[in-house]
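Below is one structure; the comments refer to it alone.
As the structure is a computational prediction, the values presented were derived from the model and not from experiment.
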Amino acid sequence: MRMRVKICGITRREDALAAASAGADAIGLVFYAPSPRAIDLERAAGIVAALPPFVTPVALFVDPHAAEVARVLAACRIGLLQFHGDEPPELCRAFGVPYLK
């Protein structure tokens, strides 16, 4: 079995590209405002657009409103959602995107 590597907390395009170049399978973008690694939607969209094929952009949330997740999905080509709060399974499944909880 192959181990997959995700580098999380990416906030700069050059760091995302360096992670991809070093072999990362996925990069994590934190959409949780209290985090020091939080990213705004405009910057996240630029990073996602710059990623090479086969590097999965992951959007990380903590207890988001459904509208917030939908807004991110509308603006960025997100391949995986990651939830770190008390989100109910219905919310996690609601977007038709694979997710980790």
Side-chain angles (χ1 to χ4, degrees):
M1 178 177 1
R2 181 178 179 280
M3 181 185 308
R4 296 201 49 175
V5 175
K6 176 177 74 105
I7 307 297
C8 200
I10 298 291
T11 59
R12 299 180 328 148
R13 179 180 179 272
E14 55 268 30
D15 294 337
L17 295 176
S21 179
D25 298 291
I27 59 110
L29 303 165
V30 178
F31 293 98
Y32 179 59
S35 170
R37 306 300 296 168
I39 190 165
D40 65 57
L41 192 51
E42 183 178 342
R43 184 174 288 211
I47 290 170
V48 169
L51 288 176
F54 306 111
V55 175
T56 303
V58 179
L60 183 145
F61 299 94
V62 179
D63 297 322
H65 293 287
E68 177 185 2
V69 178
R71 185 173 55 90
V72 170
L73 290 173
C76 299
R77 176 190 50 87
I78 298 298
L80 185 70
L81 299 172
Q82 186 172 355
F83 296 102
H84 277 282
D86 294 319
E87 302 88 0
E90 308 79 53
L91 176 74
C92 299
R93 287 192 299 262
F95 306 99
V97 175
Y99 70 90
L100 297 171
K101 175 76 173 119

Closest non-hydrogen atom pair, [X] against [Y]:
X     : Y     : answer
Val58 : Ala26 : CG2-CB, 3.9 Å
Ala38 : Thr11 : O-CG2, 4.1 Å
Leu60 : Cys8  : CD1-SG, 4.1 Å
Ala50 : Leu17 : O-CD2, 3.3 Å
Val55 : Ala24 : CG2-O, 3.8 Å

### Pairs flagged by salt bridge (charged side-chain N to carboxylate O under 4.0 Å, His left out) wherever residues 80-93 is involved - sequence neighbours left out
Glu87-Lys101

### Query
Which pairs with one or both residues in residues 26-35 pass salt bridge (charged side-chain N to carboxylate O under 4.0 Å, His left out), sequence neighbours excluded?
none

Under the side-chain contact (heavy atoms from CB on, under 4.5 Å) rule, collect the residues that match up with [X], sequence neighbours excluded.
X     : value
Glu42 : Asp40
Ile47 : Ile10, Arg13, Ala16, Ile27, Leu29, Ile39, Arg43
Pro53 : none

### Task
Identify whether Leu100 and Leu91 are in the same connected component of the hydrophobic contact network (ILVMFWY, side-chain heavy atoms under 4.5 Å).
no

### Task
Answer with yes or no whether the hydrophobic clustering places Tyr99 together with Phe61; edges join I, L, V, M, F, W, Y residues whose side-chain heavy atoms lie under 4.5 Å apart.
yes

Show which side-chain atoms of residues 66-83 pair as donor or acceptor with protein atoms under 3.5 Å away, not counting sequence neighbours.
unit_1	atom_1	unit_2	atom_2	d
Arg77	NH2	Val48	O	3.4
Gln82	OE1	Lys6	NZ	2.6
Gln82	NE2	His84	NE2	2.8

## Note on the structure
Those residues at least two apart in sequence (or on a different chain) that pass salt bridge (charged side-chain N to carboxylate O under 4.0 Å, His left out) with Arg2 are Asp25

### Query
Can you list every ring pair (Phe, Tyr, Trp, His ring centres under 6.0 Å) pair that touches residues 32-51, not counting sequence neighbours?
none

### Summary
Tracing side-chain contacts under 4.5 Å among Ile, Leu, Val, Met, Phe, Trp and Tyr outward from Met3 reaches none

### side-chain hydrogen bond (donor to acceptor under 3.5 Å, both in side chains) against Asp15, all qualifying residues, sequence neighbours excluded
Arg12

